[in-house]
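For clarity, every value in this text was computed on a predicted model and none was experimentally measured.
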Amino acid sequence: METAQRLAVDLPGLALKNPIIPASGTCGYGQQVAKNYDLNLLGSLVLKSTTLHARAGNPQPRVCETSAGWLNANGLQNVGVDAVVREKLPWLHRHYPDLPVIASAAGFSTAEYETVVEQLAAAPTVSAIELNVSCPNVKHGGLAMGTDPAVLEDLTRKVVRQAKGKPIYVKLTPNVTDIVPLAQAAERGGANGLTMVNTLTGLSINLRTRRPVLANVTGGLSGPALKPMALRMIHQVRAVSSLPIIGVGGIESAEDVLEFMMAGANAVEVGAASFHDPLACPRIAADLPLVMDRYGINKLTDLWEVRF
């Protein structure tokens, strides 16, 4: 079987040549990452989360490395939805016309989410929209709307209407006792898929200053520490839902990708690994066939039948 057939993944709105997708916030809008490698090596990419208006983000410092991974408190820094539609998406389409693009919508009220999703969905080059209701680094909206099942179901239903047929992937937070009711709420609201999981709220302290390292005090933890928890949550949700799942959380190798797919994910996003290895995504994609051979895996879609 050809490599292309072995790695191909089809999800709602997304025909991926491989399951590797840079996570939102780690690849900006593609321009910077494209200086390091050909974006056509990816299955897709997720744009930086977009709000209605441009945001400068939280005060500096807002990123630090810890013994368990990275903490970030960027605070949804972005150029605003108008600039994304007018400038960022056209650039990607000119240079990478065949690359599926996932836009990421964020907001601070239901009405703002609806407006952002409506504008992103109207862009012909957007293949799907990731609904970021799980950012832990802003004071209002975001995470608060992603931890209440009733609120999440209502929000999902409303943005699905605004999406006009573009698939909606709801990005779930791990900062809850039980993630299953949230996944079920998103499904009842009409979500086409789930992204699991966002960052876990964490804290780092500078011993010399006796103060938090981040100006925001807390930030979202990403990296290897997140992986076992993300796998467990994906496994739990897969047991009750047939929605496509894009797994994310501590993926650094092709072996990690296979674990996520065995747990129930249909594709993956790579985040913090790109901070210390800018070529992490193409490296993992290139390694996948070799690691699949090692474990006797013919094609990735075979793993969708692996259950516990």
Side-chain angles (χ1 to χ4, degrees), residues 22-29 31-33 35-37 46-51 53-80 104 106-108 132-147 171-177 179 195-233 247-253 255-256 268-281 283-284:
S24 178
T26 64
C27 62
Y29 305 99
Q31 290 95 326
Q32 289 300 115
V33 178
K35 296 177 182 179
N36 298 323
Y37 60 85
V46 187
L47 303 183
K48 180 184 275 285
S49 288
T50 302
T51 51
H53 303 294
R55 286 178 55 84
N58 289 327
Q60 298 280 3
R62 52 192 183 193
V63 179
C64 72
E65 189 172 11
T66 75
S67 59
W70 290 82
L71 281 177
N72 88 83
N74 286 324
L76 294 177
Q77 176 192 11
N78 73 98
V79 298
S104 176
F108 302 92
N132 183 359
V133 292
S134 49
C135 177
N137 306 315
V138 291
K139 303 298 184 185
H140 306 286
L143 182 61
M145 304 188 78
T147 55
K171 190 170 187 177
L172 300 180
T173 177
N175 293 292
V176 290
T177 304
I179 201 168
T195 300
M196 299 177 60
V197 291
N198 208 326
T199 55
L200 183 69
T201 303
L203 171 70
S204 182
I205 296 174
N206 184 317
L207 297 182
R208 294 186 182 278
T209 64
R210 305 184 187 185
R211 296 181 60 81
V213 174
L214 300 180
N216 192 62
V217 181
T218 60
L221 177 67
S222 58
L226 207 57
K227 179 187 163 188
M229 182 175 58
L231 287 170
R232 183 261 297 177
M233 290 185 170
V248 56
I251 295 171
E252 297 191 324
S253 68
E255 288 85 352
D256 291 336
V268 299
E269 292 178 13
V270 178
S274 297
F275 296 162
H276 57 78
D277 177 9
L279 300 179
C281 285
R283 171 179 56 79
I284 293 171

Q: Please test Leu71 against Val213 for side-chain contact (heavy atoms from CB on, under 4.5 Å), starting from the C-alpha separation and ending with a verdict.
A: CA-CA 10 Å; Leu71 281 177; Val213 174; over 6 Å; no
Closest contact, heavy atoms only, [X] versus [Y]:
X: Asn36; Y: Pro278; value: ND2-CB, 3.8 Å
X: Leu76; Y: Ser49; value: CD2-CB, 3.8 Å
X: Glu269; Y: Ile251; value: O-CD1, 3.7 Å
X: Pro212; Y: Leu203; value: CB-CD1, 4.0 Å
X: Asn216; Y: Ala73; value: CB-CB, 3.7 Å
X: Lys171; Y: Ser24; value: NZ-CB, 4.4 Å

Q: Can you sort out the partners of Val79 under side chain to side chain contact (heavy atoms under 4.5 Å, CB included), two or more places apart, ordered by chain and number?
A: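 Side chain to side chain contact (heavy atoms under 4.5 Å, CB included) list for Val79, sorted by chain: Tyr29, Ala83, Val84, Lys88.
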Q: For Pro174, check side chain to side chain contact (heavy atoms under 4.5 Å, CB included) against everything at least two apart and list the hits.
A: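 Pro174 satisfies side chain to side chain contact (heavy atoms under 4.5 Å, CB included) with Val197, Asn198, Leu200, Met229, Met233 only.
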Q: Kindly indicate, with the supporting measurements, whether the criterion side-chain contact (heavy atoms from CB on, under 4.5 Å) is fulfilled by Arg62 and Gln77.
A: CA-CA 11 Å; Arg62 52 192 183 193; Gln77 176 192 11; 2.9 Å; yes
Between the main-chain N or O of [Y] and the side-chain N or O of [X], is there a donor-acceptor pair closer than 3.5 Å?
X: Thr201; Y: Thr199; answer: no
X: Asn78; Y: Thr51; answer: yes
X: Arg211; Y: Ile205; answer: no

Q: Start with the C-alpha gap between Thr173 and Thr147, add the side-chain angles, then the distance that decides, and say whether side-chain contact (heavy atoms from CB on, under 4.5 Å) holds.
A: CA-CA 7 Å; Thr173 177; Thr147 55; 3.9 Å; yes
Are the side chains of [X] and [Y] in touch, meaning some heavy atoms are under 4.5 Å apart?
X: Leu214; Y: Cys64; result: yes
X: Pro22; Y: Val270; result: no
X: Phe108; Y: His53; result: no
X: Ser274; Y: Cys27; result: no

**Q.** Residues that Thr195 engages under side chain to side chain donor-acceptor pair (under 3.5 Å), provided they are two or more places apart
**A.**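 Scan of Thr195 (side chain to side chain donor-acceptor pair (under 3.5 Å), adjacent residues dropped) gives Glu130.
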**Q.** Under the side chain to side chain donor-acceptor pair (under 3.5 Å) test, residues paired with His276 that sit two or more places apart
**A.**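 With neighbours one apart ignored, the set is Glu252.
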(Q) Could you measure the distance from the CZ atom of Arg55 to the CG atom of Asn74? Nearest 0.5 Å is fine. (A)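 Rounded to the nearest 0.5 Å, the CZ-CG separation comes out at 10.5 Å.
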Q) Can you name the ring-ring contact (aromatic ring centres under 6.0 Å, His included) partners of Tyr37, sequence neighbours left out? A)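 None.
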Q) Going by the side-chain hydrogen bond (donor to acceptor under 3.5 Å, both in side chains) test, which pairs reach into residues 220-233, not counting sequence neighbours? A)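 Sorted pair list: Lys227-Asp256, Lys227-Glu259, Arg232-Gln236.
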(Q) Could you go through Val63 and Trp70, starting from their C-alpha distance and side-chain angles, then the distance that decides it, and tell me whether this counts as side-chain contact (heavy atoms from CB on, under 4.5 Å)? (A) CA-CA 7 Å; Val63 179; Trp70 290 82; 3.6 Å; yes
